[in-house]
Number of protein chains: 2
Amino acid sequence: MEKKNIRIKDIAQLAGVSSGTVDRVLHNRGKVSEEALQKVLQTLKEIDYKPNLIARTLGTKKNFRIAVIIPDPSLDEYWAHSELGVRQAITDWHQYDVQIKTYFFDLYHKHSFEQVTHSVFHAKPDGVVIAPIFYHEALPFLQQCQANKIPFTVFNTNIPEVAPLSFIGQNLYESGRVAAELMCLGNLTEGIFAILHINEDSVNSIHLLDKQKGFEEYVQEKKLPDVKIKVLNIKDTEDPKDTKGIHELLLDDTLAGVYVTTSKGVSFIAELLYQKKQKAPRLIGYDLLPENIKYLEAGTISFLINQNAKHQTFLGVQQLVNYLFLKKEPPQNNLLPLEIITKENLSSYLRSAVPHF
Amino acid sequence: MEKKNIRIKDIAQLAGVSSGTVDRVLHNRGKVSEEALQKVLQTLKEIDYKPNLIARTLGTKKNFRIAVIIPDPSLDEYWAHSELGVRQAITDWHQYDVQIKTYFFDLYHKHSFEQVTHSVFHAKPDGVVIAPIFYHEALPFLQQCQANKIPFTVFNTNIPEVAPLSFIGQNLYESGRVAAELMCLGNLTEGIFAILHINEDSVNSIHLLDKQKGFEEYVQEKKLPDVKIKVLNIKDTEDPKDTKGIHELLLDDTLAGVYVTTSKGVSFIAELLYQKKQKAPRLIGYDLLPENIKYLEAGTISFLINQNAKHQTFLGVQQLVNYLFLKKEPPQNNLLPLEIITKENLSSYLRSAVPHF
DNA sequence: TTGAAAGCGCTAACAC
DNA sequence: GTGTTAGCGCTTTCAA
């Protein structure tokens, strides 16, 4: 019963070679005679060898440098959360020889993204974690990484063409469906449902369309003849020209619900509704930003769908480091659950920390 | 910048003692002179030493044996999920010298619980993970563990008196509030709300009362004069005497919602509602049991609150092993989020696995 | 191409 | 009490 674990030494003994040779075979580092190779492969086939990852890590002195590329957190609450995930990872790994360096780019200027990726590439890190917001600019960079065998994990938005080590994110279409479902709850089945894309950095808009599509299709499937869906794009909430549509919308008595597809936008609407103190439409938004929490607790926002920026980022780094450090292959796709946050379950979410690994 | 990490060796050097002494101080194994102790403590205060957990693990040859005590999974779907968490942990740790043995007891017979705890205690494991369903029987056992310095983590239901290494579970009062909140959504504010405790093993009933209280208080706070709450206890769904009340209830036209506090009970109600094809009251239950999933997808069940048995159990084992193996103190309380599952976000939950550590 | 051996940071046994 | 030392399983260097 007390099966001792099989060690490289054991394999060496069984195969009649030295442990060095076994190691060379295991990592096909070459410099192994055909004969020795066969002997080792043979014994490997016969037994179930699982390397001791802990010992491996200790044996490898290599000090990794990994680069995390995200939007500047000081410009955006959502990305501020994301950065917390990096922070977490940094402190987690600090004591080992893993240096995690964060590179910020300006969410609103693709040029700054290009600059950042250039300097990252120049720094030749051992791995990259990236939120590839700007598709067209990210693509060549990631291809470069690929060519140079720099592994990378991608989160927030995927770029499947470059086959990242892993992708962490959510299914946005389903996210839209969930929002629609929550909107329809309790026979809220007539009037206007508004979909608001607020303060979208234009690059993001493609993804917001996925949410919109999910929302629309759900409503369509429900066959609600008395529901009208209205879509509004608001570039800048500071610009009266842009917000005029919103004010009109909110005055409409038949407005039954508002779905804001961006995390930062919903508190703007909540604020307006809160001020006007009118019969409030149901309001659904994203993420546990401080402002959003405030209005969720006040009851102005009915639901928040949690995109869990912190967790996404943390997982991205985690999986990359595990891969580099422990040679542990992560799952290729990590679609996180679409968490529904209400006034009553909010605190249970705020309490529970990001899982530590 | 390239601060090398501080090793025990470094501390020894700084304090002018040997690494053996430092180790003794760090783990207060005694056999250290007051003088040496002070010198080491002093340098420890001056620097920020973080042990290399990886090296520590490798250095400790001890092979741990840990016992997991849960209800027999073959008797109960909920606990079947729980066991999956143990399985996960077993495979995770198998290759290291951690032997995890599961002990099942009969959920419906406290005597079997006693028997199991006896044999566990007899086996003198290095640690225990337990779902202490039977409070009165669990208490003396855990006190025994305490006295014998066998660390233990507790999940599902807490026994704070014995100060477990950690507790993993949910806040049941809040859980009830969430259920009530979901029940009231969309102005479902008149008629009967039924709270059903179904197939409760009598020991569990105390905890179900927490849920009930949360539900009732939420409704009370909402001040809904047209809502009546009805509480039913159904011991055995096979017993016509017990189920008579249910059938009557379901015939009542003013029945607006049904909240089933146990994970196994809700599919029974769903089945009845499904058959009768009547104007369905809103149905809320617990957990992603196969039957429950079926009725959630069919629309008969509106919401499931996920208690995440698998994750709870997995975490329990995980934290104990981390403590034993890496000497990593877990957080004392782990109240997991109250996850709201609907038809539309279900698949996102089914997809996402238990986080691997 | 191969084997032997040092060493990663820590633990624990063993002399002194 | 204290310092020394031999591992833990793996990687990696260095002779042979």
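Reckoned from all heavy atoms, side chains included, excluding hydrogens, waters and symmetry mates.
Regarding contacts with the backbone of D/dG3, a side-chain N or O of B/T21 is found under 4.0 angstrom from either OP1 or OP2. The phosphate of D/dG9 (OP1 or OP2) has no side-chain N or O of A/S19 nearer than 4.0 angstrom. Applying the 4.0 Å criterion to OP1 and OP2 of C/dG3, one finds that A/S18 has a side-chain N or O inside that range.
No side-chain heavy atom of B/N322 sits under 4.5 Å from any side-chain heavy atom of B/P330. Proximity of A/I168 to A/Q319: side-chain heavy atoms (C-beta onward) are separated by under 4.5 Å at one or more points. Taking the side chain as every heavy atom from C-beta outward, B/F104 and B/V116 never approach each other to under 4.5 Å.
In this structure, the ring of A/F325 has its center less than 6.0 angstrom from the ring center of A/W93.
Between the side chains of B/E34 and B/Q38, at least one donor N or O sits under 3.5 Å from an acceptor N or O.
For B/K124 and B/F121, the positive end sits near the middle of the six-membered ring, less than 6.0 Å away and at most 45° from its axis.
With D/dT11, D/dT2, C/dG3 as the candidates, the nucleotide lying closest to the side chain of B/K31 is D/dT2.
A/I11 contributes atom CD1, which lies 14.5 Å from atom NZ of A/K39 (distance to the nearest 0.5 angstrom).
Not a single donor-acceptor contact under 3.5 angstrom links the side-chain atoms of B/R29 to the base of D/dG1.
For DNA chain C, the neighbouring residues in residues 44-60 of chain A, judged by any heavy atom under 4.0 Å, are A/L58, A/G59.
Each end of the helix from C/dT1-D/dA16 to C/dC16-D/dG1 gets its own rotation axis from five pairs of C1' atoms, and the angle between them is 50° to the nearest 10 degrees.
Rounded to a whole Å, the CG atom of A/N28 is 14 Å from the P atom of D/dT12.
Counting non-hydrogen atoms under 4.0 angstrom, B/A12 reaches nothing in the nucleic acid.
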